[in-house]
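Notes follow once the structure below has been shown.
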Amino acid sequence: MFLRSVCWSKADFLLLQVTRQAFVLQRALASCRATPSLQHPACASVNERQYRTMPTHGIGRWRHLLPKEAPKKKKDKLQMKEILAETDTAYGSLNVTVSGYDMTLVEHYSQYIHNLCNRLGIKVADSYILPTKTTEVMLMQEQGTKMFVDAVLKTHERVVQLSSLEAAACPVLLDVLLQNQPEGVELSVSEHTEAHFQARFKGRPELEGLIAQLTY
């Protein structure tokens, strides 16, 4: 038997060592993949995630659990109600107007009128607020012609609209209202007209001027 002598060069020896190291590293990675509970983030594969089988869509959403709300409708423009005509035994549409500088007194007195009409069986068609009016009190200096604002008065108005008030009950109602009228509050009763309805809306001179320019 003859023995063949093998001569290893330095390059072949280095290639063998690199091959062995690559084989050891490959087996180490395979062992890390085989045991996911003990795996380290450095050796874990991006495609091998445990939570990929658990869907996460929908987590944190709650609006679908609420009942569906009806779409909000736009408020229609306020239309004027029909003005009732007077008869032989009853009035038509009457406006009981309360005005004064103290808003608290005006508000409480208008509520009193409304509640009194409900107790007496008088039909209240509407109850609304008129725009506040501002009055400036000017004062002139003793020496000179220059004027300056001394005070600003705000007039608050409330209207309680009655319909089909009996002629026999009208004097009784007015007598009770006048007896309980507070100081500083003015009370007036008038028939309802279209001008009273237009007075409910605040004027806009700039807009009215532009509309007038477009029409001409």
Side-chain angles (χ1 to χ4, degrees), residues 70 72-142 145-212:
K72 295 182 179 179
K73 296 182 180 179
K74 294 184 178 180
K75 292 184 178 180
D76 298 332
K77 187 177 180 180
L78 184 63
Q79 301 294 333
M80 180 179 176
K81 297 181 180 179
E82 182 182 359
I83 300 176
L84 300 178
E86 61 182 8
T87 61
D88 296 337
T89 59
Y91 294 94
S93 299
L94 294 180
N95 287 346
V96 181
T97 307
V98 180
S99 60
Y101 300 116
D102 192 341
M103 185 179 64
T104 305
L105 289 177
V106 173
E107 184 69 28
H108 288 178
Y109 190 48
S110 63
Q111 291 179 4
Y112 169 76
I113 296 174
H114 200 153
N115 295 332
L116 179 63
C117 293
N118 291 336
R119 291 178 183 177
L120 297 178
I122 300 173
K123 184 178 180 182
V124 179
D126 200 358
S127 179
Y128 54 89
I129 305 173
L130 291 179
T132 303
K133 298 178 182 178
T134 304
T135 306
E136 293 183 353
V137 180
M138 309 294 293
L139 188 64
M140 183 181 293
Q141 298 178 358
E142 295 180 359
T145 58
K146 189 175 181 180
M147 301 178 65
F148 60 92
V149 179
D150 183 58
V152 178
L153 303 178
K154 293 184 178 181
T155 306
H156 308 277
E157 294 183 84
R158 305 290 186 271
V159 178
V160 180
Q161 189 179 96
L162 310 179
S163 61
S164 302
L165 176 62
E166 296 292 335
C170 184
V172 179
L173 176 63
L174 292 179
D175 190 16
V176 175
L177 294 181
L178 291 174
Q179 288 182 2
N180 295 276
Q181 181 180 359
E183 296 181 359
V185 175
E186 183 180 352
L187 177 66
S188 63
V189 181
S190 60
E191 294 184 1
H192 181 66
T193 60
E194 187 177 354
H196 291 105
F197 175 77
Q198 297 297 335
R200 298 178 61 175
F201 307 103
K202 193 173 183 180
R204 302 177 64 181
E206 297 179 358
L207 181 60
E208 293 175 359
L210 293 175
I211 295 175

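Computation of the quantities below employed the complete heavy-atom set of this structure, encompassing side-chain atoms and omitting hydrogens, waters and symmetry-equivalent molecules.
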Partners meeting side-chain hydrogen bond (donor to acceptor under 3.5 Å, both in side chains) with H192 (sequence neighbours left out): N95, Q161

pair M147-L139: side-chain heavy atoms closer than 4.5 Å: no

Sequence-distant partners of Y91, side-chain hydrogen bond (donor to acceptor under 3.5 Å, both in side chains), two or more places apart: none

Non-neighbouring partners of E186 that pass side chain to side chain contact (heavy atoms under 4.5 Å, CB included), sequence neighbours left out: S99

Side chain to side chain contact (heavy atoms under 4.5 Å, CB included) partners of T87, counting only residues at least two apart: T89, A90

CA sep, side-chain torsions, deciding dist, call: E191, L94, side chain to side chain contact (heavy atoms under 4.5 Å, CB included): CA-CA 5 Å; E191 294 184 1; L94 294 180; 4.1 Å; yes

D102: partners by side-chain hydrogen bond (donor to acceptor under 3.5 Å, both in side chains), with sequence neighbours left out: none

Set of residues satisfying side chain to side chain contact (heavy atoms under 4.5 Å, CB included) with respect to Q141, sequence neighbours excluded: F148

Would you be so kind as to tabulate the donor-acceptor pairs closer than 3.5 Å made by side chains of residues 165-185, with sequence neighbours excluded?
unit_1 : atom_1 : unit_2 : atom_2 : d
D175   : OD1    : Q179   : NE2    : 3.4
N180   : ND2    : Y112   : OH     : 3.1
N180   : ND2    : V176   : O      : 2.7
Q181   : NE2    : V185   : O      : 2.5

Any residue meeting side-chain hydrogen bond (donor to acceptor under 3.5 Å, both in side chains) with E136, in chain and number order, not counting sequence neighbours: none

Results of salt bridge (charged side-chain N to carboxylate O under 4.0 Å, His left out) for K133 - residues two or more places apart only: E157

V160 side chain reached by L162 side chain, heavy atoms, under 4.5 Å: yes

Under the salt bridge (charged side-chain N to carboxylate O under 4.0 Å, His left out) test, residues paired with E107 that sit two or more places apart: R158

Name every donor-acceptor pair, under 3.5 Å, that has one atom in a side chain of residues 117-132 and the other anywhere in the protein, sequence neighbours excluded.
unit_1 : atom_1 : unit_2 : atom_2 : d
N118   : ND2    : H114   : O      : 3.3
D126   : OD2    : R200   : NH1    : 3.2

Any residue meeting side chain to side chain contact (heavy atoms under 4.5 Å, CB included) with T134, in chain and number order, not counting sequence neighbours: V152, K154

Heavy atoms of other groups near Q111 CD, more than 12 under 6.0 Å: yes

